[in-house]
Amino acid sequence: MDRSQFDDLTARLRAAGCVFAEDEAALLAERADDDAHLEALVARRVAGEPLEHLLGYVDFHGLRVAVDPGVFVPRQRTTLLVDEAVALGRQAAGGVSAGLPDGAADGEPGGSPVVVVDLCCGAGALGLATATDLARESAVVLHASDVDPAAVACAARNVAAVGGSAHEGDLFDPLPAGLRGRVDLLLANVPYVPTGEIPLLPREARDHEAHVALDGGGDGLDVLRRVAAEARDWLVPGGHLLTESGERQAAGAVGVLEGAGLRARVVRDEEIGATIVVGTLPAVP
């Protein structure tokens with residue numbers, strides 16, 4: 001592709017509202033097999049299809065994560081949830097929050113693995129990124145679940161890189177029963193967009209991602225309520241539930257988790273515009 005063609009491609013993407021048009025033009029050109037394929041990709045992007053669906057991947061938390069068409073695209077702000085989960089998981093590996101017996105710290109024979117569950121997993125990016133970081137220091141068991149078959153198929157390929165498993169079904173329903181009471185980190189990036197606000201989302205999301213991955217009910221907290229109601233049965237004493245939230249919903253999310261018997265706190269990163277809520281199951285005295 002000569003410079004004139006590249007500039008024309010960039011101009012078309014910019015006119016379609018692509019903020020990083022030049023970067024996107026370079027990525028699409030790299031992805032295309034030939035000129036006809038490139039034209040098809042550009043047409044789909046101009047029509048609003050997410051760049052990640054066209055490329056087949058997203059770069060997330062230092063990893064290249066496969067993302068299939070129609071599957072929820074991990075947002076960069078969600079790296080805050082992963083960072084917090086990794087920090088808590090390292091404590092669990094050392095026996096701090098998971099209540100492990102003496103001598104069961106990471107790396108020692110007989111030590112217990114950190115058990116991670118990724119609910120509403122989408123492409124499995126959160127579980128994959130968390131397990132990848134934790135696996136550098138300790139054993140990790142990862143299970144992911146989603147109600148969307150396309151998401152589960154995508155997640156299964158991604159989490160296989162860390163020995164994880166993906167399950168199709170509603171929230172906890174498809175998880176192995178043996179995980180009850182053993183989960184150190186419950187990652188629940190549940191849908192939290194209020195139903196009435198779905199039409200206001202960028203067309204990339206509202207037209208090309210499964211609504212089940214976006215719609216959180218009337219106030220955006222319906223799915224979180226369902227997760228919180230069962231969390232105590234799955235978490236190890238001292239284990240943690242981590243969920244993303246809109247900033248204005250954070251107080252409501254705290255109330256949901258506290259109402260389910262968890263100690264809740266809010267973590268914010270103003271620089272990346274991220275808000276998460278962490279609920280901890282009190283440890284057994």
So how far is it from Leu88 CG to Leu242 CG, rounded to the nearest 0.5 Å? 6.0 Å
Identify the two heavy atoms, one from Val67 and one from Ala123, that lie closest to each other, and give their separation to 0.1 Å. CG2-CB, 4.4 Å
Please determine whether the number of non-hydrogen atoms from other residues, nucleotides or ligands lying under 6.0 Å from atom CZ of Phe6 exceeds 12. yes
Return yes if a side-chain donor-acceptor contact under 3.5 Å exists between Thr10 and Glu22, otherwise no. no
Nearest non-hydrogen partners of Cys120 and Val223, listed with the distance: SG-CG1, 4.4 Å
Derivation and outcome, side-chain hydrogen bond (donor to acceptor under 3.5 Å, both in side chains), residues His167 and Ser145: CA-CA 5 Å; His167 311 272; Ser145 77; over 6 Å; no
Would you give the length of the straight line joining atom CG of Asp173 to atom CG of Leu171, rounded to the nearest 0.5 angstrom? 7.0 Å
Polar side-chain atom of Thr78 near backbone of Arg75 as donor-acceptor pair, under 3.5 Å: yes
If you count every heavy atom of other residues, nucleotides or ligands that lies below 6.0 Å from Asp35 atom CG, does the total exceed 12? no
Student check: side-chain heavy atoms of Val227 and Phe172 closer than 4.5 Å: yes
Without swapping roles, check the side chain of Gln76 against the backbone of Asp59 for a donor-acceptor pair under 3.5 Å. yes
CG/Asp233 to CG/Leu179 distance, rounded to the nearest 0.5 angstrom? 13.0 Å
Does a side-chain N-to-carboxylate-O contact under 4.0 Å join Glu258 and Arg263? no
Please name the pair of heavy atoms, one in Cys121 and one in Asp146, separated by the smallest distance, quoted to 0.1 Å. N-OD2, 3.2 Å
Would you call Leu134 and Val86 a side-chain contact if the rule is heavy atoms closer than 4.5 Å? yes
Enter the distance from Leu81:CG to Ser245:OG here, rounded to the nearest 0.5 Å. 11.0 Å
Under-4.0 Å salt bridge between Arg226 and Asp170: yes
Let me check something: do Val152 and Val117 share a hydrophobic cluster, defined by ILVMFWY side-chain heavy atoms less than 4.5 Å apart, either directly or through other members? no
Answer yes when Glu244 and Arg77 have at least one side-chain N-carboxylate O distance shorter than 4.0 Å, and no when they do not. yes
Answer yes if Leu41 and Phe20 sit in the same cluster of Ile, Leu, Val, Met, Phe, Trp and Tyr residues linked by side chain heavy atoms under 4.5 Å apart, and no otherwise. no
Test item: Gln5 and Leu9 side chains (from C-beta on) under 4.5 Å apart, heavy atoms: no
Ala85 and Leu187: which non-hydrogen atoms are nearest, and at how many Å? CB-CD2, 3.7 Å
Separation between CG of Leu51 and OH of Tyr57, rounded to the nearest 0.5 Å: 7.5 Å
Decide, yes or no, whether a salt bridge links Arg265 with Glu84 under the criterion of side-chain N to carboxylate O below 4.0 Å. yes
Will you find, in the side chains of His61 and Thr79, an N or O donor that is under 3.5 Å from an N or O acceptor? no
Which heavy atom in Gly124 sits nearest to a heavy atom in Ala155, and how many Å separate them? N-CB, 3.8 Å
Closest non-hydrogen contact found for Leu13 with Ala21 is CD1-O, 3.7 Å
